[in-house]
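Here is the structure we will look at.
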Amino acid sequence: GQQVMQIPQYQHVQEGEDFTTYCNSSTTLSNIQWYKQRPGGHPVFLIQLVKSGEVKKQKRLTFQFGEAKKNSSLHITATQTTDVGTYFCAGPSRAYQLIWGAGTKLIIKP
Amino acid sequence: EAGVAQSPRYKIIEKRQSVAFWCNPISGHATLYWYQQILGQGPKLLIQFQNNGVVDDSQLPKDRFSAERLKGVDSTLKIQPAKLEDSAVYLCASSGTDSLNQPQHFGDGTRLSIL
C-alpha cells in the first residue's frame, strides 16, 4: 500500500546546530503537509507544499518539495529550545485520506 | 476562532470496561477525523467523516470501536470493551470540505490508560 517514510526517527543536536528531517513517499503526491507536535501536545499545522520543486521559508525553517513530488524535507537553521518536538509530514493517499510519516523527534542536548 | 474541543482530557479505566470520547470541531468544518496516537508513533486515522457521512473507517476496529456524527457537528468515539493495547491518545481533528488540500486542526486529545 501507499507509504510515507520519514527519517531519521530521532535527531539529537546541540542548541544552535542545524536539524533536517526527510520524507519519502512511495507514490507521487499532489501536496505535502508538515506538522509539529510539542511534547505532550497535539500536532499543529506548519505548512503545505503543492508545486514541484517548491521551497518555502518560515523564519529559520525551510521546507522543500522534490521535483518528482515524492519527497520533501524540513531544515531548521540554528535550533533553539522552542524547536523541540516531533515533526511529521503527511501526504494525501488515493483513498482521500492523509498518510502520516512516523515523525522525527528533535532533541536538544543539554 | 475557537479551536477543536475534546473531552475528557484524561481517562483511566480497567480492561473490558467501556469509554466514550467527545469532540466539537471548529465551526463550519465539514470534515472530522478521529486518530489514535500510541506513544512514540505518528497519528493513525481511525475514522473520517464528511458532514455526517463516513468517508473512511478502514482502520477502525469495528468489533470494539464505534463512532458517530449524527448532526454533522459533534462526534463521539466509543470503545467497548477496552483492551490493554487501546492505551493511547485519541485525537480529534477537523478541516474544511476539501480535506486533502486544507490543514487539519487538532484538539488537545484524550489520554486513555487501560489498567
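So that the names make sense, note that chain A is the first sequence line, chain B the second, and so on, each numbered from 1.
Atoms CG and CG, on Leu98(A) and Leu45(B) in that order, are 8.5 Å from each other to the nearest 0.5 Å. Trp100(A) contributes atom CH2, which lies 14.0 Å from atom CD of Gln41(B) (distance to the nearest 0.5 angstrom).
Taken together through direct or relayed side-chain contacts under 4.5 Å among Ile, Leu, Val, Met, Phe, Trp and Tyr, Val19(B) and Leu91(B) form parts of separate hydrophobic clusters. Hydrophobic clustering, with ILVMFWY side chains joined whenever heavy atoms are under 4.5 angstrom apart, groups Phe106(B) together with Tyr33(B). The hydrophobic clustering, which links ILVMFWY residues whose side-chain heavy atoms are closer than 4.5 Å, places Leu49(A) and Leu46(A) together. Cluster membership for Val89(B) and Phe21(B), using ILVMFWY side-chain heavy atoms within less than 4.5 angstrom, is not shared. One hydrophobic cluster, built from ILVMFWY side chains closer than 4.5 Å, holds both Phe65(A) and Tyr87(A).
Counting all heavy atoms, side chain and backbone alike, Gly42(B) lies closest to Phe88(A) at CA-CE2, 3.3 Å. Taking both residues in full, the closest heavy atoms of Gln33(A) and Asn101(B) are given as NE2-C, 4.4 Å, listed atom of the first, atom of the second, then distance.
Other residues, nucleotides and ligands place more than 12 heavy atoms under 6.0 Å from the CG atom of Leu115(B). No more than 12 heavy atoms of other residues, nucleotides or ligands lie within 6.0 Å of OH in Tyr22(A), so this atom counts as exposed by the packing criterion. Within a 6.0 Å radius of CD1 in Ile12(B), no more than 12 heavy atoms belonging to other residues, nucleotides or ligands are found. Around atom NZ of Lys109(A), more than 12 heavy atoms belonging to other residues, nucleotides or ligands sit under 6.0 Å away.
Every residue meeting the side chain to side chain contact (heavy atoms under 4.5 Å, CB included) condition with Asp18(A), not counting sequence neighbours, appears here in chain and number order: His75(A), Thr77(A).
By number of non-hydrogen pairs under 4.5 angstrom with chain B, the leading residue of Gln9(A), Gln48(A), Gln6(A) is Gln48(A). When each of Gly107(B), Gly109(B), Ala93(B) is scored by its heavy-atom pairs under 4.5 Å with chain A, the top score falls to Gly107(B).
For a residue to count as touching a neighbouring chain, one of its non-hydrogen atoms must lie under 4.5 Å from one of that chain's; by this rule Gln37(A) touches chain B with the side chain only. Interface residue Gln102(B): only backbone heavy atoms are found under 4.5 Å from chain A.
Residues of residues 58-80 of chain B lying under 4.5 angstrom from chain A, judged on non-hydrogen atoms, are Ser58(B), Gln59(B) in numerical order.
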